[in-house]
Structures are given as C-alpha cells and as structure tokens.
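Remarks on the structure that follows.
As the structure is a computational prediction, the values presented were derived from the model and not from experiment. Convention: sequence-line order gives letters A, B, ...; per-chain numbering from 1.
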2 protein chains.
Amino acid sequence: MPRVSAEYLAARREEILDAAARRFAADGFHRTSMQDIIDEAGLSPGAVYRYFRAKDELIESISVEAMGHIESVVSGGIDGEEPLADLIAGLPAAFDALGRTDERARLAVQTWGEALRNPPLAEALAARLANVRSALRDRIATAQRAGEVDPAADPDDAAKVLLGLLQGYLLQKAWDPDLDPADFGRAARVLIAPRQAMPGHSID
Amino acid sequence: MPRVSAEYLAARREEILDAAARRFAADGFHRTSMQDIIDEAGLSPGAVYRYFRAKDELIESISVEAMGHIESVVSGGIDGEEPLADLIAGLPAAFDALGRTDERARLAVQTWGEALRNPPLAEALAARLANVRSALRDRIATAQRAGEVDPAADPDDAAKVLLGLLQGYLLQKAWDPDLDPADFGRAARVLIAPRQAMPGHSID
DNA sequence: GATCATAAAGCGAATGCTCGTTCTTGACGA
DNA sequence: TCGTCAAGAACGAGCATTCGCTTTATGATC
C-alpha cells in the first residue's frame, strides 16, 4: 500500500477547506469557481476532486463548519453563571475572539442565503438554531426567576429576539469590519437592562 | 407592439421585475438563470434584454427596490409620535404589512450576501443603512430626553442594536414564514422596556 | 375610415464562453 | 511492482447574451 499517512490526508483536506473558505468569504459561493479554489489551494483539479466529490460538498462542509462555530460561541456563553445582561453584552466580543472574524461573518451571511435554497443545509441550520434557541430560552427563564428579566416576557419569543440581536451584529460586522463588538454589546446591555437588575420583580 | 405608450413600457418592465423577484426569492440570484426569468415572465430573451441590459442590472434593480421597502418601513415608523417601545414592538408587523412578506424577507437575505461582493450594491446599501441609523439615533436621543431610555446608552450604538434586531427578525422570517411578528415585537418591547417607561430617568 | 408605410417590440435559434467535472497519464512511496 | 496520489488537458453542459427576422400598433395618406 504505497500511501500517505492519515494525518497527511486530513491536513490536505483542511488546506482545501481553508482555501475554499477564503474564496467563498471573498466572492460568495456562486461567484467562486472551482478553479479559484484550486488556484488558492495551489493544487490541481484532480487533487481537489479526490478529497471532495463536488463543489456542493465543499459548500456544505464550509457552511456547517461556520454554523458550528457560531453555535458553540452562543452555547458556550450561555453555560456561564454571569447575569444575562453580561452574557448579552459579551457575545459579540466572544464571537470576535474566535479569530478571522471578517471571514466568519461574511461566511455566515453567505450561508444564511444558501440555506434558503439548499435543503440539507436548511436542515442543518434549523437543527443548530433550535439548540441555540432552546438554550437561550432556559437561560432567560432562569433570569426571570432571578428577577433579571421582566416575567411578562415569553421566554421562547425573547430567545428569538436575543438570537436576532446576534444575527444583526454578525450581519453588520460582515459589512463593516470596524464595527466594535464592545460598543455593540454595551449598547445591547444598556437597552435590555437599563439599570442593572430590575427591582421588585423577583418571584422568590 | 411598436411605438407603444410609456405606460405600456413601464408596465412591461414591472412585469419582468416581478417575475425576476419571484424567481430570485425562490432560488437566489445565482441559481436563477435568465431563462428561468424569461419563462416566468412568459416572454422571450430578446424581449427581456430590451428592458434590461444584463442580468446584473436585474439583480441591482431588485435589490435596491428591496432595500427601499425596508428603509421606508423603518423611516415611516420612526416619524411617528409613539413611544420608542411601541415603535420597536410594531416594526416587525409594519414590515409584514407591506405584503408578500416571505418574498421580501428572502430577497433581503439574498441582497445582504450580494452586497458583500457587488460594489455598487454595497454603496446603495450603505447609504440607506446610514439614513436609517441616523433616524434611529435621533429617535433614541429623543427617547432618552423623555426618560424612556437609559441615558447611559450611546445613541449611535443603540441605533445599531435596534437595527440589528430588525435584521434578525427579517432573517428568521425568511427561514420561517410562520414566525409571528406580533410575538417577536412584544418580546422585543418587554426586553427593552421592562415596565413601560423607566421612572426617575428624565432629564427635563 | 380603410389602406399603407414605418419603426418599435418581440421572437428564438444561434453563439461563444465559462464552468464543473472527468479521465488519461505519470510519479512516487511502500 | 503495485496501488495511490497528483496533474492538467479535455469535455460537455449550461449559461448569458446577440442578432436577424417577423409581427404589429401607430400615424399618415387618400
């Protein structure tokens, strides 16, 4: 078996994915040609097609990976013990802390549009969103019990709103890489929790 | 039909734009072929190319139109005299009131991605966003003076947050047409103004 | 008001090009 | 020597766009 190590194969695959991510982020999925990716990776068509059956497979891999990063940022933040307001204020910065922020934000926007048209992608996205929403919902319910959030809010709907907030941040970050995550987070916190915890709302 | 009225020409042009919008919303800009649009409009290639020089011109027209609708909804809402909380709660419903909500939401998402790559589109989008942000900023400053919003918030950053909220709603609406604008708006209002106006914050 | 001439409006086969993908060939490690 | 990996020329499909022809509404003419 004249072969190469499994590590070599995995590394090659990752190289191709990285190259594809760079080009996809820059030009969008459908304005990026396979040749663009092949050139960016410094390989040949034959080589790339040994690792990925088709362009769609590349798009799906990149998209699912991109969703995973965002999901892990939100889920990771939710697990903390900090007040909800701090969590919200910190999410933009937490996303930026992943690195390669511009690329990630742009890929996220591309992925959102792609999911409207690509059923497997839509399914993957829906599943991950459901996870995030459910974690957020629980976190909000807890915050309500602690008197941090008005008990009149429906936790399910409030979760959608908070998720929307982060999506809006990502979108604006994709357009403007100079958008400051701390400023955005601080403004979100002040809007949502004007004077720290609301007095007199605790359920006990 | 030679030498026809200007109204006839405008109506034809509008027919083509409508057909293109339907297909673009369904399949995305780049998965929609000119033949798809031509078939949807019930015309021939020659006819369509008489009204639009190229596919990109179609994409730009549709995109700019889509942005305009969103801008007018937000700007229209901002002009009102209602409390900021009511404005925020009502924006999702106001967008839905435009009609053809699913199509509009999906087109908006497609446009966001396209603007990342298409300079003229990016410019048009940036200009409209600047308008909306500036109107929101003024509205927030007014609300702060009225004691509706914590004066600690930077109006500029707060405007970005509120804009992000609406963008998040549009995105979620594109994925899930059943998303209820009233629920979303109500949750946003409760989160941002937990107990109506905050007491004791008026500057006078 | 019927006929005609004109040029705009529409048609659709044809074009040229780009793209994703395949396949043959060669190189190289085991 | 054998199987794997990479290379890159080649291919066919599908795309946006063009162009020469046909159709037809309109204004002029009688």
Side-chain angles (χ1 to χ4, degrees), chain A residues 1-63 110 113-114 117-118 120-121, chain B residues 1-63 110 113-114 117-118 120-121:
Chain A
M1 286 189 195
R3 258 187 251 157
V4 188
S5 69
E7 292 78 34
Y8 175 92
L9 289 175
R12 255 293 136 93
R13 195 185 145 91
E14 211 55 43
E15 276 175 33
I16 296 172
L17 279 174
D18 282 354
R22 284 193 297 272
R23 305 303 288 134
F24 283 157
D27 293 340
F29 293 131
H30 300 293
R31 286 210 211 256
T32 300
S33 70
M34 284 303 281
Q35 196 56 55
D36 289 338
I37 297 169
I38 287 156
D39 291 346
E40 177 86 22
L43 293 172
S44 65
V48 169
Y49 274 88
R50 176 170 297 278
Y51 292 88
F52 295 92
R53 212 169 325 186
K55 187 184 181 184
D56 270 347
E57 203 172 303
L58 228 24
I59 293 177
E60 273 187 43
S61 295
I62 298 271
S63 295
Q110 303 288 351
E114 190 64 15
R117 224 351 247 168
N118 185 326
L121 220 54
Chain B
M1 299 124 212
R3 238 188 231 161
V4 292
S5 67
E7 292 77 37
Y8 177 92
L9 289 175
R12 253 296 134 90
R13 195 186 145 90
E14 210 54 44
E15 275 176 34
I16 296 172
L17 278 174
D18 281 355
R22 284 193 296 272
R23 305 304 288 134
F24 283 156
D27 293 339
F29 293 130
H30 300 293
R31 286 210 211 255
T32 299
S33 70
M34 283 304 281
Q35 196 57 55
D36 289 339
I37 296 169
I38 287 156
D39 291 346
E40 177 86 22
L43 293 172
S44 63
V48 169
Y49 275 88
R50 177 171 295 279
Y51 292 88
F52 295 92
R53 218 179 323 222
K55 188 184 182 185
D56 269 348
E57 202 172 305
L58 228 23
I59 293 177
E60 272 187 45
S61 294
I62 298 272
S63 294
Q110 303 287 352
E114 189 65 15
R117 220 357 242 166
N118 185 327
L121 219 55

Closest nucleotide among C:dA9, C:dG10, D:dA6 to the A:Arg12 side chain: D:dA6
Most 5' of B:Pro45 and B:Ser5 on DNA chain D, judged by nearest nucleotide: B:Pro45
Contact under 4.0 Å: A:Arg53 side-chain N or O vs C:dG20 OP1/OP2: no
Separation of atom CD in A:Gln35 from atom P in D:dA10, rounded to whole Å: 15 Å
Under-4.0 Å side-chain N/O to phosphate OP1/OP2 contact, B:Tyr49 with D:dC19: no
Nearest-neighbour nucleotide for the A:Ser44 side chain, C:dG10, C:dG20, D:dG8 considered: D:dG8
A:Ala54, nearest nucleotide to its side chain (from D:dT17, C:dG10, C:dT21): C:dT21
side-chain N/O B:Tyr51 vs C:dA9 OP1/OP2, d < 4.0 Å: no
Spacing of B:Tyr8 atom OH relative to C:dA7 atom P, expressed in whole Å: 20 Å
A:Tyr51 and A:Leu17, any side-chain heavy atoms less than 4.5 Å apart: no
Parallel, tilted or perpendicular: rings of A:Phe24 and A:Phe29 (30°, 60°): perpendicular
Nearest-nucleotide pick for A:Lys55, side chain only, options being C:dT21, D:dA16, D:dC5: C:dT21
Nearest to side-chain heavy atoms of B:Arg50, which nucleotide of C:dG10, D:dA16, D:dA7: C:dG10
Interatomic distance where CD belongs to B:Glu57 and P belongs to D:dA16 [whole Å]: 15 Å
Distance, rounded to the nearest Å, where A:Ile38 contributes CD1 and D:dG8 contributes P: 11 Å
